[in-house]
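Got a structure for you, written out below as structure tokens; questions coming shortly.
What's counted below: heavy atoms across the whole structure, side chains too, no hydrogens, waters or symmetry copies. Quick note on labels: first sequence line is chain A, next is B, and so on, each numbered from 1.
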Amino acid sequence: MTQLNETVIENRLIFEASDFTRKSSSLAPDIDVDMVTKSLPEHLLRKSELLLPQVGELQVVRHYTCLSQKNFSIDTHFYPLGSCTMKYNPRICNTLAQLPGFAGRHPMAHSSMSQGIMSCLYELQNMLMEATGMKQVSLTPMAGAQGEFTGVAMIRAYHDHNKDDARTEIIVPDAAHGTNPATAVMCGYKVKELPTNDQGDVDIDALKVMIGPQTAGIMLTNPSTLGVFERKIKQIADMIHEVGGLLYYDGANLNAILGKVKPGDMGFDVIHMNLHKTFSTPHGGGGPGAGPVGVSERLQPFLPVPMVALKDGQYYWLSEDELPLSIGHLSAWMGNAGILLRAYIYALLLGREGMQRVAEFATLNANYLLQRFADAGFEIAFPERRASHEFILTLRKEAKQYGTNAMDFAKRLLDYGFHAPTTYFPLLVPECFLIEPTETEAKTDLDSFVKAMELILEEARESPEVLKQAPYSLPVRRLDDVKAARELDLNYYQSHAE
Amino acid sequence: MTQLNETVIENRLIFEASDFTRKSSSLAPDIDVDMVTKSLPEHLLRKSELLLPQVGELQVVRHYTCLSQKNFSIDTHFYPLGSCTMKYNPRICNTLAQLPGFAGRHPMAHSSMSQGIMSCLYELQNMLMEATGMKQVSLTPMAGAQGEFTGVAMIRAYHDHNKDDARTEIIVPDAAHGTNPATAVMCGYKVKELPTNDQGDVDIDALKVMIGPQTAGIMLTNPSTLGVFERKIKQIADMIHEVGGLLYYDGANLNAILGKVKPGDMGFDVIHMNLHKTFSTPHGGGGPGAGPVGVSERLQPFLPVPMVALKDGQYYWLSEDELPLSIGHLSAWMGNAGILLRAYIYALLLGREGMQRVAEFATLNANYLLQRFADAGFEIAFPERRASHEFILTLRKEAKQYGTNAMDFAKRLLDYGFHAPTTYFPLLVPECFLIEPTETEAKTDLDSFVKAMELILEEARESPEVLKQAPYSLPVRRLDDVKAARELDLNYYQSHAE
Amino acid sequence: MPYIPHTSQEIAEMLSVIGVDSIEQLFDEIPPELRSDGLDNIPSRQSEMQVQRLLTEKSMQDGTPLCFAGGGAYEHHIPAAIWEIATRGEFYSAYTPYQAEASQGTLQVIYEFQTMIASLTGMDVSNASLYDGASALGEAVLMSVRANRKAKSKRIIMPATVSSVYRQVVATIVKHQGITLDIIDFDRANGTIDIDKLKQQSEPFAALVIPQPNYFGCMEDVHTLTDWAHEQGAMVIGLVNPVALALLEAPGNWGTQGVDIAVGEAQPLGIPLSSGGPYIGFMACKQKLVRQLPGRIVGRTVDLDGKPGFSLTLQAREQHIRRSKATSNICTNQGLMATATTLYLAFMGRDGLQKVAASCVQNTQALIDLLKISPGICFPFGTSVFHEFVITLPTDVEQVIEAMAEEDIVAGINISQYYAQDGLENALLICVTETRSPEDMAFFADTLNKVISDLTGGARK
Amino acid sequence: MPYIPHTSQEIAEMLSVIGVDSIEQLFDEIPPELRSDGLDNIPSRQSEMQVQRLLTEKSMQDGTPLCFAGGGAYEHHIPAAIWEIATRGEFYSAYTPYQAEASQGTLQVIYEFQTMIASLTGMDVSNASLYDGASALGEAVLMSVRANRKAKSKRIIMPATVSSVYRQVVATIVKHQGITLDIIDFDRANGTIDIDKLKQQSEPFAALVIPQPNYFGCMEDVHTLTDWAHEQGAMVIGLVNPVALALLEAPGNWGTQGVDIAVGEAQPLGIPLSSGGPYIGFMACKQKLVRQLPGRIVGRTVDLDGKPGFSLTLQAREQHIRRSKATSNICTNQGLMATATTLYLAFMGRDGLQKVAASCVQNTQALIDLLKISPGICFPFGTSVFHEFVITLPTDVEQVIEAMAEEDIVAGINISQYYAQDGLENALLICVTETRSPEDMAFFADTLNKVISDLTGGARK
Ligand SMILES: Cc1ncc(COP(=O)(O)O)c(C=O)c1O
Ligand SMILES: Cc1ncc(COP(=O)(O)O)c(C=O)c1O
């Protein structure tokens with residue numbers, strides 16, 4: 001079609017724009033490199049070529065600015081990715097975290113030169129304690145998964161400290177996020193998979209059979225990744241505690257219950273939070289996050305270091321000296337401090353009033369969408385349950401009748417200007433869409449989203465091939481993932497340049 | 001076409017997303033407005049509705065982020081808009097100009113609290129004096145056109161001061177930018193249009209006839225807007241000066257000659273510079289700019305205020321007290337101070353070495369493109385001349401043969417990912433493209449641009465209707481400008497809401 | 001070569017295509033005697049790192065004082081998102097939207113800006129911005145004379161309650177158009193236009209300028225003034241603070257017909273103080289005057305497919321088409337500032353702007369209450385104020401300002417430099433916006449009292 | 001309601017669609033006895049303006065000291081454009097690129113990141129990032145044990161010249177996998193791995209870790225070490241500073257075969273110090289180990305039309321597919337930091353990075369020269385250094401650090417806290433990068449001399 005954009009400037013890789021004889025940057029110091037290298041031991045010098053691109057400054061700006069436009073993001077699109085809490089990231093959080101006084105501080109600067117940032121972290125610890133009902137919080141884990149590792153490692157440290165070394169198993173529901181079983185294994189445990197009943201609750205009978213003196217603990221999230229609240233949580237907690245196990249809470253879904261119910265009150269012994277979800281620090285195309293852990297009194301001695309403490313009006317770092325039973329360090333310093341700072345700023349802006357509303361409107365939006373989808377003829381995975389902040393559609397009917405599976409719906413949604421919900425997770429619901437609208441989306445946008453799904457459903461009925469080839473309007477058409485995995489091309493210079 | 005993007009979320013105006021009952025901002029102080037207004041005089045209070053949109057914060061972010069993506073810009077596209085000098089804007093200039101110590105300074109803060117910014121402005125004045133060969137510089141004009149006004153007003157003040165009030169005419173070449181004649185009229189002068197000869201030079205014979213005791217001055221730019229250097233400039237200057245007139249230099253094209261030839265040496269009495277062109281402050285979708293003026297000794301007493309001066313190591317503001325003949329103020333304070341700061345930073349980064357290179361590579365790129373276009377069969381307006389930093393193609397042949405005019409070529413270029421050159425200016429070249437690549441564009445991008453023009457030429461030959469309906473791939477197709485002017489719709493609430 | 005992406009091989013290729021041996025040869029049309037030999041007085045290039053360090057030091061060398069100055073430039077809170085979005089490359093590094101199809105972002109933003117300015121001022125149409133408030137007033141004066149030929153006068157009545165610097169700028173701009181600017185005195189008791197003296201005017205005039213609030217922060221009786229001027233066959237130019245318009249009546253509704261032209265400085269709407277610029281002048285008018293409006297205007301239209309879109313319109317008024325017959329010579333204006341202003345108003349919304357305005361009023365009143373009990377400080381005017389007010393001091397105002405500067409306070413503006421001949425001696429114009437906390441105000445009042453006491457030898461106590 | 005865009009009418013409509021009377025009712029599945037009664041210990045909300053003021057004050061309360069500390073976190077100049085682009089909403093507020101077609105921006109950036117890391121390290125493939133350098137080393141240890149089953153050992157040789165905090169983190173991470181970390185002492189004269197002691201190792205081991213430059217800033221004899229370990233049937237993990245790799249040989253070329261896994265901290269490539277995070281761990285390896293690599297990996301492929309594009313690949317290694325059998329539990333990593341790093345390397349290019357590295361070496365040498373003539377300061381190690389070096393002081397190092405802090409200098413790191421038992425008493429690790437000017441270094445040396453003289457009562461003079 002001659003009518004369409006025939007861009008002459010190819011979508012190049014930065015390496016393709018490079019010429020090693022180009023010298024165009026204003027960014028490096030003026031220096032005679034060869035003269036300096038003479039002072040270094042010859043046999044340790046780099047002999048191999050340094051294949052970094054040499055591109056003009058303007059050309060670099062243009063390359064990455066144009067690339068950015070090829071992303072969907074919260075700032076540009078509705079992004080109802082279930083379990084991921086893609087909500088508004090207020091810009092001020094980033095602006096303030098980048099202030100030179102914060103951004104320029106070296107982690108080993110003397111604590112007398114670090115009181116500002118330490119006060120922020122200390123207050124954040126306190127706010128997270130209140131929000132979760134836990135006794136103490138350590139901020140160091142750098143993402144949810146590292147929080148999980150920290151939590152399970154503390155469970156293990158607790159049992160080890162009690163010389164209770166027969167406990168070799170961690171129970172994980174089948175609906176759990178993949179990080180849960182992977183974490184249990186990293187902590188040296190065997191994973192026991194716990195089934196879910198048709199109401200989306202844990203199968204209590206199965207659990208009864210599973211537990212015993214070998215049980216180190218159970219990892220749960222509540223509301224679960226099925227988007228429903230585990231009503232028997234107290235009973236489960238009692239059962240686990242009775243056999244001497246501990247309860248781990250995966251806090252990825254905290255957005256659903258902030259200010260409504262606290263993990264501490266449900267009986268959990270340890271919890272991680274995903275600040276990049278509930279506390280709105282940016283996802284950044286895959287991180288950085290922050291996964292602080294909170295513990296009940298029982299596990300307090302095992303918390304990872306460093307933590308911030310306050311004495312005589314001075315903040316100081318709590319280290320292994322003060323916490324001899326600590327499981328230790330998880331990062332060289334205080335984890336993703338700049339992300340913690342963003343979460344702190346967000347918490348100040350929300351205040352206690354705003355935090356309550358997070359759960360309320362996240363839940364309102366989810367239940368509204370659920371009902372609208374039900375009315376539009378989509379099948380809800382757990383129709384008798386309230387949605388928490390998210391819920392699940394199953395497109396198995398559509399897959400059977402029209403041959404259009406969840407992936408096809410997802411790809412077609414992109415053409416309509418919506419990021420797709422989470423697909424094929426949790427694994428136990430066939431052809432599933434896990435939909436999490438979050439509290440910051442407006443009703444009109446939710447309505448447009450339903451409308452798009454209705455139109456796609458019609459397309460599926462009338463011309464299913466349209467879905468199967470979608471998307472059409474994005475920078476690329478549907479990608480060949482099989483080829484990607486079979487003919488690995490992970491490094492430009494390796495795969496193309498030679 | 002069902003395959004294409006059928007965005008359900010309409011490209012709305014912010015007003016269409018508004019609901020006056022919405023209250024969702026974290027940005028305003030908490031206060032009871034009604035209680036406060038009670039303290040104000042009732043009859044002066046606002047009774048009319050305040051029609052400002054009430055939209056969620058996330059929705060505002062999304063609206064304007066998506067809107068921005070609908071622009072071509074230097075950061076995303078090659079933008080060879082002649083006479084506009086669309087070159088790389090280094091980000092650091094903006095970053096540093098926004099530092100709180102600069103951004104937060106009140107213009108009436110005592111000069112003892114303003115030494116930092118004043119030192120920058122003072123140094124900039126000096127650098128511009130050196131770059132232009134003028135005796136003194138005032139930074140206050142807020143854009144090129146205001147610089148022109150300032151310059152011509154000084155010419156007038158000079159003649160008035162000399163009681164030389166028979167001088168009623170300003171000579172302006174027909175190729176001049178529209179701001180030149182408009183400015184002359186604002187300063188109370190009659191405009192005499194000076195013709196151009198077929199070499200692109202001023203018609204000296206016509207000039208001879210035109211000048212006399214009624215001549216207040218002449219406004220020139222050199223190189224001219226035709227992209228050629230006026231070779232007889234010395235002769236012209238002498239002719240004007242002999243009859244008692246003064247020479248004004250429109251500095252919009254300074255990028256072409258920086259460090260190569262100085263307006264002061266050519267005999268100009270007054271000059272404005274477009275810092276948003278030569279000194280790379282951002283164009284911002286239509287400003288802000290900065291249009292400092294430089295003068296020869298003759299006009300120094302008439303310079304506008306304020307200017308920065310230095311005494312005993314302290315910077316202070318020169319005002320009318322020290323410059324009693326000044327033409328006065330052109331803005332409430334120091335013009336677009338923050339833009340001047342950006343230009344200063346850019347000048348520091350370039351240094352004298354970099355400034356020389358600006359003209360060299362701007363000229364290299366223009367002459368290279370010119371030759372490539374000539375080789376590709378396009379007609380060059382002044383084929384026997386060197387291009388300065390820009391040059392002109394005329395598409396009159398194509399218009400005649402295929403019915404595809406310069407506008408059609410311009411619109412089709414957009415589909416190929418290039419911003420169009422300046423079209424239909426200067427007016428004396430039919431179907432013209434005024435092309436200014438600037439020094440910061442890479443050869444490969446120039447080559448792609450030529451390639452695109454070649455492809456379009458082929459399209460023009462084979463299916464001219466493709467050009468006539470272009471563009472196809474932008475957020476909108478070709479717009480109806482006639483309707484825009486006939487059925488004025490300039491205000492949403494006026495045209496749509498009632 | 002910073003910012004020059006050419007490799008030496010590319011340079012060689014390009015020169016060979018052109019058919020010259022060196023770049024130098026490309027300048028061979030410049031007469032040799034004119035060629036200059038470099039730029040010796042310009043310093044050598046510095047790396048980004050060096051420049052960053054230098055400028056950071058310069059930016060910090062004068063501290064970050066607490067600001068109580070206004071007088072046309074106001075400190076307000078600027079939401080962080082505004083400049084994050086406004087400086088996105090696509091807005092920041094685009095030109096004036098000449099190619100409409102490739103500039104729909106900027107064009108829609110300006111259309112929204114025009115709508116918001118028209119809403120705020122209660123007028124029909126707005127342009128896309130002018131340089132600043134002062135030059136906008138100059139353009140308004142020119143426009144009123146163009147538009148009001150039937151007044152058969154080029155006289156403008158310019159109250160002394162308009163900022164003195166604004167009046168100076170207007171004088172510079174309109175000087176060569178045969179326009180006279182007649183200053184009308186202010187009422188000594190109220191700090192507003194002296195209506196009695198005004199009504200004594202018998203000569204015809206083209207327009208009356210009415211500031212609201214005026215330079216002293218006081219509120220003019222805009223309805224009476226507007227109606228009176230219209231009765232005289234003159235036009236009315238309203239000069240307004242856009243934040244105040246959240247609470248005060250819009251100029252479009254002053255008197256029975258509203259003003260003809262409304263102008264002002266939009267800096268308070270999201271633009272940093274930054275030593276006085278770049279700011280943004282706005283101008284709105286009645287529909288019937290639209291062809292006299294200077295500057296850019298964006299209109300909504302449709303594309304070939306009937307889809308709505310935006311483009312520059314009414315360009316026949318402008319210099320690039322009309323040349324010597326244009327309504328103004330303005331070309332580049334303050335586009336990026338219009339973008340920021342639009343973002344500010346969109347983020348704040350109606351409610352937000354009202355709250356900002358109310359907070360200004362409340363804080364200003366709070367500082368007035370604190371200063372009322374200060375010995376030696378007088379309040380010359382009784383009228384109610386928006387967010388600025390005048391006090392007179394028992395000692396030299398310049399010395400007070402300097403002493404306050406020592407305490408890191410910008411105390412306000414010495415307006416005696418403009419109004420001493422009007423009996424306003426040692427007068428200080430003080431501004432308080434929503435950014436000043438109760439602690440700031442207490443610190444201001446305490447410091448001022450201390451400074452006065454020191455300077456007067458504590459004698460007045 | 002900040003951040004909640006719902007109007008009350010919309011809320012009512014939504015509740016009625018759902019069929020409940022109140023939002024509260026939506027929580028009716030939560031057992032009432034569990035419901036909490038609010039968040040009393042969390043402060044009340046503050047406006048953006050208040051928070052901005054508070055945080056600005058907190059950010060300034062500790063000054064902006066001159067930094068001479070390194071030890072794993074390095075101050076380098078960060079070009080302004082990097083974070084302007086990296087924090088564009090489209091990068092900043094996107095999720096992990098699960099929907100490849102809607103995430104080509106992030107995916108291509110990561111592909112370019114992988115290529116650049118592979119280039120820098122001289123390895124075949126890189127992943128998309130790990131949390132930080134320390135945890136990356138932990139993952140590398142786990143990976144080497146997984147990959148080197150034929151070594152039949154879970155023993156890792158970990159030199160004492162690896163940062164002590166890194167060793168602690170590795171210990172925490174690998175604790176439950178039956179892995180032992182054996183520390184190898186350093187040579188007292190050279191500050192590098194004691195090769196003689198190393199060669200006395202007779203037990204089999206899975207991998208040797210080699211830092212370059214090491215924690216003391218000294219350069220290890222990487223070629224000898226790598227070859228020796230490979231001869232023992234062990235793998236080699238290179239722990240490298242990415243800036244140093246501009247001048248020092250890439251781990252892929254150490255010895256005859258190169259290392260098996262290269263890891264490190266990419267913070268020096270455009271990431272601010274910001275109190276220790278977020279930083280970014282990198283990991284690259286030989287092609288044959290790619291299926292053992294933890295974390296995300298982006299591959300280039302084609303779309304339906306044959307056009308090149310990018311997507312996450314080899315996901316079968318990851319927890320969300322493999323669950324309990326995954327190579328790691330990592331999920332969210334440091335995507336935005338990878339974007340910034342990619343931008344940094346693209347802006348600097350090969351030449352720029354070499355200049356930064358050379359400038360570090362030159363400045364470090366300059367400070368060493370200044371300190372060499374300082375009374376009482378000793379240099380325990382003779383080896384040449386990159387941009388860090390150790391000195392020992394004639395007085396208490398903590399007191400020196402505190403006294404230097406008084407002069408707004410971060411003097412370095414007290415490494416006696418880790419190495420006192422190794423005879424390194426009152427030892428200070430000092431770092432100098434390209435950001436330190438000659439004046440900074442002179443100021444450092446003068447201040448240090450003065451502080452020492454004060455603390456030692458000037459006795460040593
Ligand atoms: C339910 C659940 N648990 C754990 C995680 C892991 O968190 P992270 O990605 O921060 O490591 C996620 C995030 O994807 C999640 O959704
Ligand atoms: C030749 C020439 N003169 C004058 C001007 C006017 O400058 P400004 O737009 O800054 O008012 C321009 C800019 O468009 C120009 O190109």
| task | Among the options A:Glu148, A:His283, A:His43, pick out the one with the most heavy-atom pairs lying under 4.5 Å from chain D. | result | A:His283
| request: Specify which of A:Asn94, A:Val55, A:Thr76 makes the most heavy-atom pairs with chain D at under 4.5 Å. | output: A:Asn94
| request: In sequence, state the C-alpha distance, the side-chain angles, and the governing distance for A:Asn126 and D:Asn41, and then conclude on side chain to side chain contact (heavy atoms under 4.5 Å, CB included). | output: CA-CA 8 Å; A:Asn126 287 343; D:Asn41 285 328; over 6 Å; no
| message | Counting heavy-atom pairs under 4.5 Å with chain D, which one of A:Ser73, A:Gly104, A:Ser39 comes out on top? | response | A:Ser73
| query | Is there a donor-acceptor contact under 3.5 Å from the side chain of A:His106 to the main chain of D:Ala73? | reply | yes
| Heavy-atom contact with chain D under 4.5 Å, split by part of A:Glu441 | backbone
| said: Is A:Thr37 close to chain D through its backbone or its side chain, or both, or neither, when contacts mean heavy atoms under 4.5 Å? | reply: side chain
| said: Is it the case that the side chain of D:Gln319 and the backbone of A:Pro181 share a donor-acceptor pair, with hydrogens and angles ignored and the cut-off at 3.5 Å? | reply: no
| query | Between D:Met116 and A:Phe15, does a side chain to side chain contact (heavy atoms under 4.5 Å, CB included) hold up when you go through it step by step? | reply | CA-CA 9 Å; D:Met116 291 176 183; A:Phe15 313 108; 3.9 Å; yes
| message | Below 4.5 Å, heavy-atom pairs only: which of D:Asn333, D:Thr342, D:Thr64, D:Val410 has the largest tally toward chain A? | response | D:Asn333
| field | Donor + acceptor pair across side chains of A:Gln115, D:Lys58 (<3.5 Å) | value | no
| said: Please check: side-chain N/O of A:Asp480 versus main-chain N/O of D:Thr301, any donor-acceptor pairing under 3.5 Å? | reply: no
| message | Taking side chain as everything from C-beta outward and backbone as N, CA, C, O, which of these in A:Leu45 sits under 4.5 Å from a heavy atom of chain D? Side chain, backbone, both or neither. | response | both
| Got a donor-acceptor contact below 3.5 angstrom from the D:Gln99 side chain to the A:Lys411 backbone? | no
| message | Looking at chain A, which one of D:Gly63, D:Gly252, D:Ala171, D:Pro43 has the largest number of heavy-atom pairs inside 4.5 Å, strictly under? | response | D:Pro43
| Measuring heavy-atom distances to chain D, does A:Tyr88 have an atom under 4.5 Å in its side chain, in its backbone, in both, or in neither? | side chain
| task | Walk me through it: do D:His6 and A:Phe361 pass the test ring-ring contact (aromatic ring centres under 6.0 Å, His included)? | result | CA-CA 9 Å; D:His6 302 63; A:Phe361 287 86; 4.9 Å; yes
| task | Please name all residues satisfying ring pair (Phe, Tyr, Trp, His ring centres under 6.0 Å) with A:Phe149, sequence neighbours left out, ordered by chain then number. | result | none
| A:Leu27 backbone acceptor or donor facing D:Lys355 side chain under 3.5 Å | no
| task | Please answer whether the main-chain N or O of D:Phe27 pairs with a side-chain N or O of A:Arg386 as donor and acceptor at a distance below 3.5 Å. | result | no
| Tell me, side chain or backbone of A:Glu360 under 4.5 Å from chain D's heavy atoms, or both, or neither? | both
| Under a 4.5 Å heavy-atom cutoff, which of A:Gly338, A:Ala420, A:Gly328 has the most pairs with chain D? | A:Gly338
| remark: Highest number of heavy-atom pairs under 4.5 Å with chain D among A:Glu57, A:Lys443, A:His419 belongs to A:Lys443
| query | Is there a donor-acceptor pair under 3.5 Å between the side chain of A:Glu439 and the backbone N or O of D:Ile4? | reply | no
| field | Short side-chain donor-acceptor distance under 3.5 Å, D:Ser93 and A:Asn89 | value | no
| request: Answer yes or no: is there a donor N or O on one side and an acceptor on the other, between the side chain of D:Gln52 and the main chain of A:Leu96, under 3.5 Å? | output: no
| request: Could you list the residues that satisfy side-chain contact (heavy atoms from CB on, under 4.5 Å) with A:Gln54, not counting sequence neighbours? | output: A:Ser18, A:Phe20, A:Arg22, D:Arg350, D:Asp351
| query | For A:Val33, is it the side chain, the backbone, both, or neither that has a heavy atom closer than 4.5 Å to a heavy atom of chain D? | reply | both
| task | Could you tell me whether the side chains of A:Asp481 and D:Ser311 share a donor-acceptor contact shorter than 3.5 Å? | result | yes
| field | Heavy-atom closest contact (D:Ile42 atom, A:Met127 atom, distance) | value | CD1-O, 3.6 Å
| note | Turns out that what part of A:Leu81 lies under 4.5 Å from chain D's heavy atoms comes down to side chain
| task | Sort A:Pro90 into side chain, backbone, both or neither according to what part of it lies under 4.5 angstrom from a heavy atom of chain D. | result | side chain
| Checking D:Gln114 side chain against A:Leu490 main chain: does a donor-acceptor pair fall under 3.5 Å? | yes
| Donor-acceptor pair between A:Tyr64 and D:Glu112 side chains, under 3.5 angstrom | yes
| said: For chain D, which candidate among A:Cys187, A:Gly133, A:Ala347 shows the most heavy-atom pairs at distances under 4.5 Å? | reply: A:Cys187
| What residue in D:Val356, D:Val302, D:Ile413 has the most heavy-atom pairs under 4.5 Å with chain A? | D:Val302
| request: State whether the side chain of A:Asn491 and the backbone N or O of D:Val125 hold a donor-acceptor pair below 3.5 Å, judged by distance alone. | output: no
